[in-house]
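Everything numeric in this text was worked out from a predicted model, so none of it was measured. Sequence lines set the chain letters: A, B, ... in the order given, protein chains first and strands last, and positions in each chain run from 1.
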Amino acid sequence: MAKLQPVRGTRDLIGEDARAHLHVIDAARATAGTYGYRPIETPVFEFTEVFQRTLGETSDIVTKEMYTFQDKGGDSLTLRPEGTAGIARAVLSGGLQNELPLKWCYAGPMFRHERPQKGRLRQFHQIGVELIGVAEPIGDVEVIALAAATLDALGVLPATTLELNTLGDNESRGAYREALVSYLEQFRDRLSEDSKQRLARNPLRILDSKNNDDRAVIADAPSFSDYLTPDAQTFFDAVRGGLDDLGIAYQINPRLVRGLDYYCHTAFEFTTDQLGAQGTVLAGGRYDGLIEMMGGQPTPGVGWAAGIERLAMLIGPTSTGPRPISVIGIGPAGEKAALKVAQDLRQTGFTIELNYRGGLKRGLRRADKIGAAVAVFLGEDELARDGATVRNLDDGSQTDVSLAELKDHLAEYR
RNA sequence: GUGGCUGUAGCUCAGUUGGUUAGAGCGCCUGGUUGUGGUCCAGGAGGCCGGGGGUUCAAAUCCCCUCAGCCACCCCA
C-alpha cells in the first residue's frame, strides 16, 4: 500500500469521481457553446518565460509553485499552472489577432506545487473561458453571465455568491498602491510577518489578509474607490449596470484582489462556504495588458477559470445512463451466439454487458451486481428454436422471444 | 513553506497497563448437484498493523525519522 502511492497531490478518478468530473466538463462546454465559445486545447507545458513574464515575477505561483524542468534540448519548460497565459501565447503563435474577437472555452489539468488539502491538489483541473479582443464592459458582463449560467447548469449557483471588484486601470492602481503603501508603512510593526513581506512585493494582497492584526490596520486604510480614474469608474459602473440588467446578483468586495499581475479592471469570484478554506469555485477578470506583455499588439481580454474538483464536490450524484442489458451465453454454442447478439444489439444503440465466463448462475449474479434491467439467455434450448429467453431482473418474469423480435421486445430498455 | 490531527484486510473500524497463531461488519471468492441473480446457510481467500530505525526477553501498542491523507495558515481554482 505504501509502495505504489500516487504522487502527492495527485489522484485517480474512478467510478463516481470520473463521472462527476466529465459531467462538469460536459455541462461547461455545452453552456459555453450557447454563448458561442468554441473549444480550444493548448499544450500542458510551455516555455517557462510564457508564465514567468505574464503572471508576475513576484507572484507566489511563479516564485514557488511552478513545476519547472529542463528538457533534453536544454530548454526550460514549465507545466502550466493556469490556462490563460498559454492561450494568449496561442493567439500570438497563430497570428490570430486579425480574427478578433476570439471566444474560447477549455478544460484540462493544471499543476502547482502547493501543500495539498481539501479542494487543493498539485495536479488539478480547470474549465475556463476567454474572450479576447473586446475592450467594452459588455464583454465582462457576458463572461460573468456565462459563468453564472455554467454554475446554474451544474445546479450549484444557489450555493455560491458572486463577489465583484475593480482593480482599475494602471493609473488608478499605481496611485492607490502608493497611497496604500505609505499608509501601511506607518503601522508596519503591527502587521503580520506575511504582510511585512507583502508590503514590498504585493501590497494589495494585504487587503485580503485573514490575520486579525492586519485586519485592524486595514480597516482604516485608504479606499481604492477614491483613487479610481473617471474612466475606470465609468467602466466599472457599466459592468455593474449590465449585471443588474441581467438580474445577476453580486456583492461588491473592495478587498477582492488578484494573485496574478496581468489583471485589471473587473475582478470577480464565485465563492461558497461549503468547501472549507478553499472557497473559491470560479474566478476571473479582465487582462487587457497580457498579450502586450508577451510582445504582441495591445489586445484586451476577459475570462475566468473554475476548479473542476471543487465543482465536482458541490454537485450531487450524477446520472449513470441507461441500465445495461446482460447477454448471457450458456455453453460453447450459446457463448458464440451471445457474442453476435450482443454486437448486434450494441450497434442498434443498446447498452450491453456480455458475460465472459461461467454459466447462467454466474452470469445472473453479475447481471444483478451491475444493476442490469434485463438478462437475455442464449443456451441450447433457445438456439434450437432460434430465439432467446428474456428475464426481467426486477420482477423475475421471463418470456421466450425469437431472435428476430428481440430488438423490439427490448426497445423500452434502450 | 508553517502548525495541528490521523495512518490496522478492498471499505468502515475494534485491538484492554507492550505479552502466544491481529479481530468484526461490509465487500470478494467457492459450495448448497444437472440452465436461474438479489435473500438465507456453510466454507474460503485476503494484513511488511503506511515505511525505516531504535528501546525491550517481547512492539500494532513506547521513542525518533520519514511518507501520505485530513484541517488550518499561506495561496488560490
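- Comparing B/rG69, B/rG35, B/rA77 by their nearest atom to the side chain of A/Leu360 picks out B/rG35.
- Among the heavy atoms of the strands, none lies under 4.0 Å from A/Ala367.
- In the set B/rC75, B/rA72, B/rG35, the nucleotide with an atom closest to the side chain of A/Arg115 is B/rA72.
- In this structure, the ring of A/Tyr183 has its center less than 6.0 angstrom from the ring center of A/Phe187.
- Judged by distance alone with a 3.5 Å cut-off, a donor-acceptor contact links the side chain of A/Arg120 to the base of B/rC75.
- Remark: A/Arg346 fails to qualify as a cation-pi partner of A/Phe350 under the 6.0 Å distance and 45° angle criteria applied to the six-membered ring.
- The same atom, P, is picked in B/rC13 and in B/rG18; the two are 25 Å apart, to the nearest Å.
- For A/Glu163 and A/Thr271, the side-chain atoms include at least one donor-acceptor pair closer than 3.5 Å.
- Place A/Gly379 and A/Glu269 on RNA chain B by their nearest nucleotides, and A/Gly379 ends up nearer the 5' end.
- The residue A/Gly284 sits apart from the nucleic acid: no heavy atom pair falls under 4.0 Å.
- In this structure, the ring of A/Phe236 has its center no less than 6.0 angstrom from the ring center of A/His265.
- Counting only heavy atoms from C-beta on, A/Arg8 has its side chain closest to B/rA68 among B/rA68, B/rG35, B/rA77.
- For A/Arg366 against B/rG37, a side-chain-to-base donor-acceptor contact under 3.5 Å is absent.
- Judged by distance alone, the side chains of A/Glu130 and A/Tyr287 do bring a donor and an acceptor atom under 3.5 Å apart.
- For A/Asp381, the side-chain atoms get nearest to B/rG35 when compared with the rest of B/rC73, B/rA68, B/rG35.
- If you check every strand for non-hydrogen atoms under 4.0 Å, A/Glu382 touches a base.
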- Task: With pairs defined as Watson-Crick or G-U wobble and both distances under 3.5 angstrom, please note down RNA chain B as a dot-bracket string, | for pairing with another strand.
- Result: (((((((..((((.....[...)))).(((((.......))))).....(((((..]....))))))))))))....
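- For the C1' atoms, the distance from B/rA9 to B/rA45 is 11 Å, rounded to whole Å.
- Here A/Arg365 lies in heavy-atom contact (under 4.0 Å) with sugar-phosphate atoms only.
- B/rA59 sits 16 Å from B/rG51 when the C1' atoms are compared, rounded to a whole Å.
- Here A/Phe124 packs flat against the base of B/rA77; its ring centre is closer than 5.5 angstrom to the base's six-membered ring, tilted by less than 30 degrees.
- Of all nucleotides listed (B/rU36, B/rC74, B/rA77), B/rA77 comes nearest to the side chain of A/Ala305.
- Nucleic acid contact for A/Lys369: sugar-phosphate only, since backbone atoms but no base atoms lie under 4.0 Å from a heavy atom of the residue.
- When heavy atoms are screened at a 4.0 angstrom cut-off, A/Asp395 is found touching no nucleic acid atom at all.
- Among the heavy atoms of the strands lying under 4.0 Å from A/Gly119 is at least one base atom, whether or not backbone atoms are also near.
- Closest to the A/Ile330 side chain, of the nucleotides B/rA77, B/rG35, B/rU36, is B/rG35.
- Judged by distance alone, the side chains of A/Ser195 and A/Ser192 do bring a donor and an acceptor atom under 3.5 Å apart.
- Checking B/rG35, B/rC74, B/rU2 against the side-chain heavy atoms of A/Glu380 singles out B/rG35 as nearest.
- Look at A/Lys210 and you'll find a side-chain N or O under 4.0 angstrom from OP1 or OP2 of B/rC73.
- Of all nucleotides listed (B/rA68, B/rG37, B/rA77), B/rA68 comes nearest to the side chain of A/Gln5.
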